[in-house]
There are 2 protein chains.
Amino acid sequence: MEPSAPPRRVTIVDVAKHAKVSVTAVSKVLRNAYGASPAMQAKVREAMAELGYRPHAAARGLRGQTYTIGVMVPDIYNPFFADIISGLTKQLHGTDYQVLVGPARHDYDNEALVTEAMIDRSMDGLVLIVPTSTPAQLQATAATVPTVVVGRHVCAAAYDTVVDNDTAGAALIVEHLVELGHRRIAHIEHVERTPALIASMPNTIRARGYRQAMQDHGLAAHIDVIASRYTREGGYLGAQQLLARRPRPTAIFAGADIAAMGVLEAVAEAGLSVPDDISVAGYDNSVYATLGPISLTSVDQSGHQMGNHAGRLLLERVADRHRPSTLISLSPTLAARRSTAAPPA
Amino acid sequence: MEPSAPPRRVTIVDVAKHAKVSVTAVSKVLRNAYGASPAMQAKVREAMAELGYRPHAAARGLRGQTYTIGVMVPDIYNPFFADIISGLTKQLHGTDYQVLVGPARHDYDNEALVTEAMIDRSMDGLVLIVPTSTPAQLQATAATVPTVVVGRHVCAAAYDTVVDNDTAGAALIVEHLVELGHRRIAHIEHVERTPALIASMPNTIRARGYRQAMQDHGLAAHIDVIASRYTREGGYLGAQQLLARRPRPTAIFAGADIAAMGVLEAVAEAGLSVPDDISVAGYDNSVYATLGPISLTSVDQSGHQMGNHAGRLLLERVADRHRPSTLISLSPTLAARRSTAAPPA
DNA sequence: TTGAAAGCGCTAACAA
DNA sequence: TTGTTAGCGCTTTCAA
């Protein structure tokens, strides 16, 4: 059997004819707009059901809304981002809005392309997850479409922001390690090269939070930051450098779980064991951290809740584009596991 | 500063006026359609550049294409699905097509909603990743929009299919374990309850492949399948049952890496060590399997390539809806790691 | 309360 | 080769 031409869609006109009313009436019922009597509503809804009518979102968008929320995600593999998306999707579930995710493949230019693609598809609102665009670019995007920025420490009148308190998160790890008796605590940072981003990227703030916390605990002399990247390889290479130090740090705090995975590999390769010889901590409390053989102490920034908030804020702004902007800063919590313990005697 | 009204979009009409040509001309240039002289093309392109024109994909869709490919993904956390999406996105990179992912949150009804939402948004093509809809429903979707089904062992004239040879994959693991000297090899299956799906879901095929391979190696008497689920908890509970067996199996083959994670936890909890006391293998060769402390033997079904193929097939079908359908079956490979070894003496 | 009709930005038949 | 114009399915003024 050849795939025949797709059957013509049921349109608002078909519904109107079938219910013997005007298209305007159908449109009003569709939008729950003012000016349709209960009798009219019933007639129209019945016709819709009988014909199996579904509104054509794309066509609606040409005049009104598309009921679509776009999410720009820089890395489709990052389980923390999956948490955010999951929270967002759950928040929007049951509303008329559909979440569509645009993966930017780790590339700044691509982030811009994906964001533009979403605007060109008339999305009603955008969620940008840790975007690497400048504040000015964010401003420009937000001027065009309701926007929520997640994970960047920026705020502006034009958009809402949801962040984790990364300073507090870094301090949680340092405190935890100090309480266990550590002093030589090193940090692996994802280094930021673009000047315009230094002030607002979470990786930068975590490193700053680490330094601050070390100082607060009288350990300024032991501050030791490796400029690397939040990847497995970045963690691996960073740890190799740290393990070569004499005296060796007794604890390594990687700014992200995925980097901590690389740290664990370098530590194992060096013939050392975790946590007996060295403690390792991460950040994000991702699935990785929870896996039995890994059991990584980490910082939980509850991505699920961040997604919830992002969804709520976005719908509020879609409803009222001129309402004042909001910044939500969530407090992270410590997820202590078996990868951290007292330092060797 | 209040967020002012968004600036009006530059449209095809603006470009036409600016270039002092007709809108048709602009449209033709946009589509590289026949009937525009080089001089005209140059003029129009220049005007587009000067005005910073971007075509409105949603509006284009009302008559022609939207240049959007939708991907229905049942579970945004599954790293194997991320592989597929990554391969697809890479394949489509550089074309005019944009990939948008709709997360279905593990729920059949949701899968249908997401698929419908994509159709209602006039997407040009759909990629359905291991959908749990019936063959008849797949047929219906494919009749409306070009569709590629990934990971389901189905084929039909209306859509293309990309699958991994799950029978061969299961056999790879069994062979590997047999060569190591195992005989009591157990399998943890994701059980399928819907009759219409039994024949075509990868989990079912893997279990069948396991039985077949055991038989081929003269181990029919040792066939031992636990009906569970492809989740951490499913693997955990399944392994608990298996570890209580006397004699105990010397190897556990979980049908998915994520289930193998649960197996590892149950094994550790039972005070046994991997691979000295018991070997563990998974399926998917996901990031989990590669992590140092886990180092799980698994089956690589190269999701990246599956995504590549899906993208290519979809564009071919968008170009010619009536070309005959294709089934691509990829051969999996074994990724042997430290979680499997010879059974205890 | 109801409905007719003018667009939204673009494509595609058709005419010039 | 170029331009005019009628829609695509819906929303939204504006009359009735």
Side-chain angles (χ1 to χ4, degrees), chain A residues 5-44 47-48 51-68 96 119-124 144-145, chain B residues 5-44 47-48 51-68 96 116-117 119-124 144-145:
Chain A
R8 206 180 57 78
R9 253 190 106 88
V10 176
T11 73
I12 204 179
V13 178
D14 300 320
V15 175
K17 277 185 191 151
H18 193 259
K20 301 196 203 324
V21 299
S22 71
V23 290
T24 312
V26 180
S27 176
K28 277 179 181 168
V29 172
L30 207 58
R31 292 173 288 129
N32 293 310
Y34 179 80
S37 65
M40 165 78 73
Q41 298 219 9
K43 254 197 302 189
V44 171
M48 284 178 173
L51 298 179
Y53 170 78
R54 286 194 335 241
H56 192 291
R60 299 181 85 171
L62 235 54
R63 294 303 298 257
Q65 300 187 45
T66 55
Y67 298 93
T68 311
D96 288 336
I119 293 173
D120 297 344
R121 281 155 186 79
S122 296
M123 299 211 173
D124 295 335
T144 309
V145 52
Chain B
R8 202 181 59 77
R9 251 190 109 89
V10 176
T11 75
I12 203 180
V13 178
D14 300 319
V15 175
K17 276 186 191 149
H18 193 259
K20 300 193 203 323
V21 298
S22 70
V23 290
T24 312
V26 180
S27 176
K28 278 180 180 167
V29 172
L30 208 59
R31 293 173 288 133
N32 292 310
Y34 179 80
S37 64
M40 166 77 75
Q41 296 219 9
K43 254 199 302 190
V44 170
M48 284 178 173
L51 298 179
Y53 169 77
R54 284 193 339 239
H56 193 289
R60 299 182 85 172
L62 234 54
R63 292 305 299 254
Q65 302 187 44
T66 55
Y67 299 93
T68 312
D96 287 337
E116 285 179 356
I119 293 172
D120 296 345
R121 280 154 187 82
S122 293
M123 299 210 175
D124 297 333
T144 309
V145 53

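To find a chain, count down the sequence lines: A is the first, B the second, and so on, and within it residues start at 1.
Counting any heavy atom pair closer than 4.0 Å across all strands shown, A:A33 reaches no nucleic acid atom. Within the nucleic acid shown, B:S37 comes within 4.0 Å of sugar-phosphate atoms alone, with no base atom in reach, counting heavy atoms only. Residue contacts shown for A:V26 are absent, as no nucleic acid heavy atom lies under 4.0 Å away. Residue contacts shown for A:R9 are absent, as no nucleic acid heavy atom lies under 4.0 Å away. Residue contacts for B:S27: at a heavy-atom cut-off of 4.0 Å it reaches a base atom on one of the strands shown.
Interface remark: the A:T24 side chain does form a donor-acceptor pair with the C:dA4 base, using a distance-only criterion of under 3.5 Å. In this model, a side-chain donor or acceptor of B:R63 finds a partner on the base of D:dG7 within 3.5 Å.
Rounded to a whole Å, the OH atom of B:Y53 is 10 Å from the P atom of C:dG9. Here the C1' atom of nucleotide C:dT11 and the CG atom of B:D124 are 14 Å apart, to the nearest Å. Following rounding to the nearest Å, B:Q65 (CD) and D:dC8 (P) show an atom-to-atom distance of 18 Å. We find that CG of B:L62 is positioned 12 Å from P of C:dG9, with the value rounded to whole Å. Put simply, NZ on A:K28 is 17 Å from P on D:dC10, counting in whole angstrom units. Between the CD1 atom of A:I12 and the C1' atom of D:dG7 there is a distance of 16 Å, rounded to whole Å. Rounded to a whole Å, the NZ atom of B:K43 is 14 Å from the P atom of D:dT1. Summarising the geometry, the separation between CG on A:D120 and P on C:dC8 is reported as 18 Å, rounded to the nearest angstrom.
A salt bridge between A:D14 and A:R8 is present, with a side-chain N of the basic residue lying under 4.0 Å from a carboxylate O of the acidic one.
A side-chain donor from one of B:S122 and A:H56 sits under 3.5 Å from a side-chain acceptor of the other.
Checking the phosphate oxygens (OP1, OP2) of C:dC10, no side-chain nitrogen or oxygen of B:Y67 falls inside 4.0 Å. One finds no side-chain N or O of B:T11 lying less than 4.0 angstrom from the OP1 or OP2 phosphate oxygen of C:dG9. OP1 or OP2 of D:dG9 has not a single side-chain nitrogen or oxygen of A:R60 nearer than 4.0 Å.
Considering only the side chain of A:R31, D:dT11 comes nearest among D:dG3, D:dT11, D:dC10. Set against D:dC10, C:dG9, C:dT2, the side chain of A:M40 has C:dT2 as its closest nucleotide.
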Run the side chain to side chain donor-acceptor pair (under 3.5 Å) check on B:R60 and B:T66 step by step: do they pass?
-> CA-CA 6 Å; B:R60 299 182 85 172; B:T66 55; over 6 Å; no

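Residues B:K20 and B:A59 each lie close to DNA chain D; by heavy-atom proximity, the contact nearer the 5' end of the strand is made by B:K20.
Considering only heavy atoms from C-beta on, B:K28 stays 4.5 Å or farther from B:V44 through its side chain. In this structure, the side chains of B:V21 and B:V26 come closer than 4.5 Å at one or more pairs of heavy atoms.
No donor-acceptor distance shorter than 3.5 angstrom exists from the side chain of B:D120 to the backbone of A:A57, with no hydrogens or angles considered.
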